[in-house]
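Notes to accompany the following structure.
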Amino acid sequence: MKTTQFHLQTRKETPADAEIISHQLMIRTGMISRLGSGLYNWTPLGLKVLRKIEKIVREEMDKAGCLEMIMPTIQPAGLWQETARWDKYGDLLLKIKDRAGRDFCFGPTHEEVITDFARKEIKSYKQLPITFYQIQTKFRDEIRPRFGVMRAREFLMKDAYSFHLNIDCLKDTYAKMHQAYCNIFERIGLTFRPVEADSGEIGGTGSHEFHVLADSGEDAIAYSTESDYAANIEKCEVLAPTKSRPEPQQELKIIDTPNKKSIQEVADFLAISPKKIIKTLLVAGVDAPVALVLRGDHELNEIKAANLAEVASPFTLLEDEEIKQVAQCDAGSIGVKDLNCHIIVDRAVAIMSDFVTGANEDDKHLSGVNWQRDTSFNQVEDLRNAKVGDPSPDGKGTIKIARGIEVGHIFQLGDVYAQSMNAVVLNEQGKSQAMTMGCYSIGVTRVVAAAIEQNHDEKGIIWPQQIAPFTVVILPMNMKKSERVKQAVNDLYNQLKNLGVEVLLDDRKIRPGVMFADAELLGIPHQITIGDRSLDDGEVEYKSRKDMQSIRVKQDEIVDHLQSLLA
RNA sequence: CGGGAUGUAGCGCAGCCUGGUAGCGCACCACAAUGGGGUUGUGGGGGUCGGAAGUUCGAAUCUUCUCAUCCCGACCA
């Protein structure tokens with residue numbers, strides 16, 4: 001490809017609203033252009049990268065025995081009403097009407113459609129197991145689209161769905177998909193980690209997220225210093241402390257804490273550590289409000305809380321008025337003593353003694369409080385987020401925390417969808433049985449952004465070779481005047497093209513500085529500079545984008561040199 | 001959903017307070033010089049100021065409404 005025949009529109013300036021580096025670089029290189037909030041054009045340049053990722057994904061899916069198909073982006077409401085997700089999915093679901101006033105949605109995912117397809121097509125256990133996939137546009141009406149294509153509303157996703165007679169068969173396919181995902185991200189050239197995840201609303205028995213590690217990641221991942229253990233912080237279990245509860249030393253006292261509401265304010269006021277204070281959160285319960293109790297320096301994990309049988313889902317904190325009814329005080333002074341509701345304490349709280357808690361009276365706290373002697377709780381649970389230094393749940397090493405960008409997610413769905421949509425097959429006994437399902441997604445457009453987050457420097461993108469829009473760029477110095485340069489450049493360009501190398505020739509009539517800057521911004525892995533200076537010695541210059549080291553190579557050896565690098 | 005802000009040329013911005021029918025940089029076009037790290041000069045094209053209504057002789061500028069976009073927050077206990 002010659003630059004003058006391509007659409008190359010780079011920019012020096014970044015739009016003011018591009019916050020993260022991948023978004024900035026995608027705009028500056030001209031890979032994407034914004035059409036509206038969370039909506040992007042993929043330009044010819046950007047599409048090249050997208051297609052390469054798609055190709056790798058497709059090849060690995062096919063290799064794992066999955067069958068590609070395409071489902072509509074627009075889906076009838078009826079299917080979503082069958083699974084009750086028409087209402088449950090919430091505002092993320094973009095609902096539309098056709099001319100006759102019939103309800104549809106723009107698909108944010110395709111469980112309903114594929115399950116409908118399967119119940120029509122699959123009648124016998126002999127057809128199982130089977131896995132279908134598609135690479136399709138999705139739409140999710142995000143509350144707050146941001147970070148360019150990282151959290152866009154319309155995006156490209158690979159979604160696969162597997163069907164089985166039983167859970168063992170599902171686990172088998174699940175393991176294969178897990179492996180296929182590792183293959184995909186390795187081939188793309190990313191540093192990633194599969195982590196245990198909460199299976200959330202979708203339910204089911206097992207789930208892993210695939211995260212590309214990058215500081216700008218929106219998710220926190222807890223991993224062990226000693227083993228392969230890794231989990232989304234939402235899911236990472238915090239083990240019960242091994243220490244037992246110390247004996248009470250202090251007297252129970254009521255103390256004035258005027259206007260001290262937060263843990264930090266109370267700790268500062270009393271000159272004690274937040275670790276000696278407990279915080280009591282009142283949340284909506286299934287029947288009546290429930291109190292969740294944490295150590296002052298710990299963070300509540302809402303996912304863990306919402307998963308408890310006693311706690312209402314979705315997780316909601318009580319409003320100020322409701323708090324008044326339960327605790328007779330403002331939020332800042334809630335305490336566990338004489339609190340008239342079901343009390344669930346975190347594992348760390350259960351072994352505390354001589355602690356400080358709110359007095360259920362404004363501007364007052366209690367100190368020297370002890371379990372058993374002064375008050376009691378109903379239940380002990382793991383309620384908090386893991387933090388650095390906690391023991392790893394698998395017993396090996398301690399927890400560290402990294403940031404990750406979720407680019408893939410695999411679930412063992414079980415038979416929830418098949419049950420609600422009556423997707424059944426006849427088993428070997430001739431009996432009707434709901435199919436067991438798995439689902440497996442990859443955010444293809446997000447992978448592009450994640451790859452940039454992980455591979456860039458101050459000059460621009462540094463593409464992993466497998467997904468680079470071009471693999472080689474030729475930069476002619478003064479080609480318009482020097483016949484010799486022109487000749488050498490065209491010779492090399494044609495040779496590489498004939499060998500099937502994706503080569504970009506910058507034939508614009510521009511200053512060398514602009515060429516270098518653009519080549520580096522675009523992140524093309526291999527750069528060849530051809531000018532009179534090196535041709536005098538029968539040589540051209542080779543530079544790798546990654547390490548920016550420039551070397552001279554004999555003119556007649558450069559093709560071999562490149563081929564060995566591209567192999 | 002709550003709070004804050006912004007909409008003026010493709011992009012980044014000034015002008016608005018103190019009304020008099022738009023300006024800068026980048027990008028774009030032409031010519032010339034330059035020709036190994038975003039070069040320089042000259043000359044151009046392009047916007048009616050998010051939209052609507054109002055005040056006024058006159059509105060980018062003042063008022064009201066509206067739309068759009070962006071940021072922050074949604075554990076305070």
Side-chain angles (χ1 to χ4, degrees), chain A residues 8-19 23-24 27-28 30 33-39 90-91 143-148 257 259-267 274 277-283 289 291-306 314-320 322-324 326-327 329-336 339 356-363 365 383-385 459-460 475-482 485 506 508-521 527 529-536 540-541 543 548 550:
Chain A
L8 193 63
Q9 233 8 297
T10 58
R11 288 160 208 277
K12 285 185 203 171
E13 281 171 306
T14 312
D17 57 6
E19 286 188 283
H23 187 192
Q24 293 170 0
I27 297 286
R28 286 192 52 208
S33 81
R34 203 181 77 103
L35 180 64
S37 178
L39 303 171
D91 293 332
I143 302 174
R144 207 180 136 196
R146 59 184 138 174
F147 304 147
T257 49
N259 264 321
K260 306 301 173 198
K261 293 185 187 298
S262 71
I263 290 290
Q264 197 56 51
E265 284 168 1
V266 173
I277 307 176
I278 62 172
K279 55 181 167 189
T280 311
L281 288 78
L282 294 176
V283 304
L292 302 177
V293 186
L294 292 158
R295 208 168 78 184
D297 60 323
H298 288 158
E299 280 182 355
L300 174 68
N301 181 315
E302 286 190 19
I303 306 281
K304 290 177 183 176
F315 178 89
T316 30
L317 289 164
L318 294 196
E319 299 292 332
D320 289 347
E322 300 169 295
I323 290 174
K324 270 229 155 59
V326 178
C329 66
D330 286 333
S333 298
I334 309 171
V336 287
L339 184 63
V356 171
T357 178
N360 295 324
E361 186 182 341
D362 284 345
D363 298 329
H365 278 73
L383 290 179
R384 71 174 173 96
N385 280 333
K459 290 178 186 298
L475 306 180
M477 295 295 110
N478 199 19
M479 181 167 69
K480 302 293 171 192
K481 290 242 173 101
S482 169
V485 170
D506 198 341
R508 292 175 295 178
K509 192 188 170 194
I510 49 171
R511 307 271 307 185
V514 182
M515 266 184 205
F516 287 122
D518 271 352
E520 282 148 13
L521 177 64
Q527 233 182 70
T529 307
I530 300 181
D532 283 316
R533 202 189 273 176
S534 60
L535 286 181
D536 284 341
V540 298
E541 292 154 66
K543 186 157 75 178
M548 296 293 277
S550 185

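Only a predicted model underlies this, so the values are computations on that prediction, with no experimental measurement involved. First the proteins, then the strands, lettered A, B, ... as listed; each starts at 1.
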Inset, instruction - Write down the atom of A:Gly296, the atom of A:Lys279, and the distance for their closest heavy-atom approach. - result: O-NZ, 4.0 Å
So what's [N] paired with, Watson-Crick or G-U wobble, going by both distances under 3.5 Å?
{"N": "B:rA14", "answer": "none"}
{"N": "B:rG43", "answer": "B:rC29"}
{"N": "B:rG7", "answer": "B:rC67"}
{"N": "B:rA60", "answer": "none"}
{"N": "B:rG38", "answer": "none"}
{"N": "B:rG2", "answer": "B:rC72"}

Considering only [options], which nucleotide approaches the side chain of [X] most closely?
{"X": "A:Glu19", "options": "B:rC71, B:rG37, B:rG38", "answer": "B:rC71"}
{"X": "A:Ile263", "options": "B:rG37, B:rC75, B:rA77", "answer": "B:rA77"}
{"X": "A:Glu520", "options": "B:rG37, B:rA77, B:rG36", "answer": "B:rG37"}
{"X": "A:Thr529", "options": "B:rG38, B:rA77, B:rG36", "answer": "B:rG36"}
{"X": "A:Lys543", "options": "B:rA77, B:rG37, B:rG35", "answer": "B:rG37"}
{"X": "A:Glu541", "options": "B:rG37, B:rC11, B:rG36", "answer": "B:rG36"}
{"X": "A:Arg11", "options": "B:rA77, B:rC11, B:rG38", "answer": "B:rC11"}
{"X": "A:Arg34", "options": "B:rC26, B:rU69, B:rG35", "answer": "B:rU69"}
{"X": "A:Leu281", "options": "B:rC11, B:rG36, B:rA77", "answer": "B:rA77"}
{"X": "A:Leu300", "options": "B:rG37, B:rC75, B:rC76", "answer": "B:rC75"}

Inset, instruction - Please state whether the phosphate of B:rA68, meaning OP1 or OP2, lies under 4.0 angstrom from any side-chain nitrogen or oxygen of A:Ser37. - result: no
Inset, instruction - Output yes when at least one side-chain N/O atom of A:Lys279 is less than 4.0 Å from OP1 or OP2 of B:rC76, else no. - result: no
Inset, instruction - Classify the side chain of A:Lys481 versus the base of B:rG35 as yes if they form a donor-acceptor pair under 3.5 Å and no if they do not. - result: yes
Please give, in whole Å, the distance from [N] [atom2] to [X] [atom1]?
{"X": "A:Met548", "N": "B:rG37", "atom1": "CE", "atom2": "P", "result": "13 Å"}
{"X": "A:Lys480", "N": "B:rU34", "atom1": "NZ", "atom2": "P", "result": "17 Å"}
{"X": "A:Ile510", "N": "B:rU34", "atom1": "CD1", "atom2": "C1'", "result": "14 Å"}
{"X": "A:Asp506", "N": "B:rG35", "atom1": "CG", "atom2": "C1'", "result": "14 Å"}
{"X": "A:Glu299", "N": "B:rA77", "atom1": "CD", "atom2": "C1'", "result": "15 Å"}
{"X": "A:Arg384", "N": "B:rC75", "atom1": "CZ", "atom2": "C1'", "result": "15 Å"}
{"X": "A:Lys509", "N": "B:rU40", "atom1": "NZ", "atom2": "P", "result": "17 Å"}
{"X": "A:Leu39", "N": "B:rA68", "atom1": "CG", "atom2": "P", "result": "13 Å"}

Inset, instruction - Tell me what A:Gly531 touches on the nucleic acid: a base, only sugar-phosphate, or nothing, going by heavy atoms under 4.0 Å. - result: base
Legend entry - Straight-line distance of A:Leu475 CG to A:Asp506 CG, nearest 0.5 Å: 6.0 Å
Inset, instruction - Find which nucleotide of RNA chain B each of A:Asn385 and A:Gln9 is nearest to by heavy atoms, and output the residue with the more 5' nucleotide. - result: A:Gln9
Inset, instruction - Take A:Met477 and A:His298, find for each the nucleotide of RNA chain B with the closest heavy atom, and name the residue whose nucleotide sits nearer the 5' end. - result: A:Met477
Tell me if a side-chain donor or acceptor on [X] pairs with a main-chain N or O of [Y] at a distance below 3.5 Å.
{"X": "A:Asp362", "Y": "A:Cys329", "result": "no"}
{"X": "A:Lys480", "Y": "A:Lys509", "result": "no"}
{"X": "A:Arg28", "Y": "A:Thr14", "result": "no"}

Say we look at [N] and [M]: how far apart would their [atom1] atoms be, to the nearest angstrom?
{"N": "B:rC29", "M": "B:rC65", "atom1": "P", "result": "45 Å"}
{"N": "B:rU42", "M": "B:rG36", "atom1": "P", "result": "24 Å"}
{"N": "B:rC70", "M": "B:rC11", "atom1": "P", "result": "14 Å"}
{"N": "B:rG7", "M": "B:rC16", "atom1": "C1'", "result": "14 Å"}
{"N": "B:rG25", "M": "B:rA14", "atom1": "C1'", "result": "11 Å"}
{"N": "B:rA53", "M": "B:rA60", "atom1": "P", "result": "14 Å"}
{"N": "B:rU8", "M": "B:rC75", "atom1": "C1'", "result": "42 Å"}
{"N": "B:rG10", "M": "B:rC28", "atom1": "C1'", "result": "9 Å"}

Inset, instruction - Indicate whether any N or O donor in one side chain lies under 3.5 Å from an N or O acceptor in the other, for A:Thr257 and A:Asp363. - result: no
Inset, instruction - Identify whether the distance between the nearest side-chain nitrogen and carboxylate oxygen of A:Lys543 and A:Glu520 falls below 4.0 Å. - result: yes
Legend entry - A:Asp518 with A:Arg508: basic N within carboxylate O range, under 4.0 Å: yes
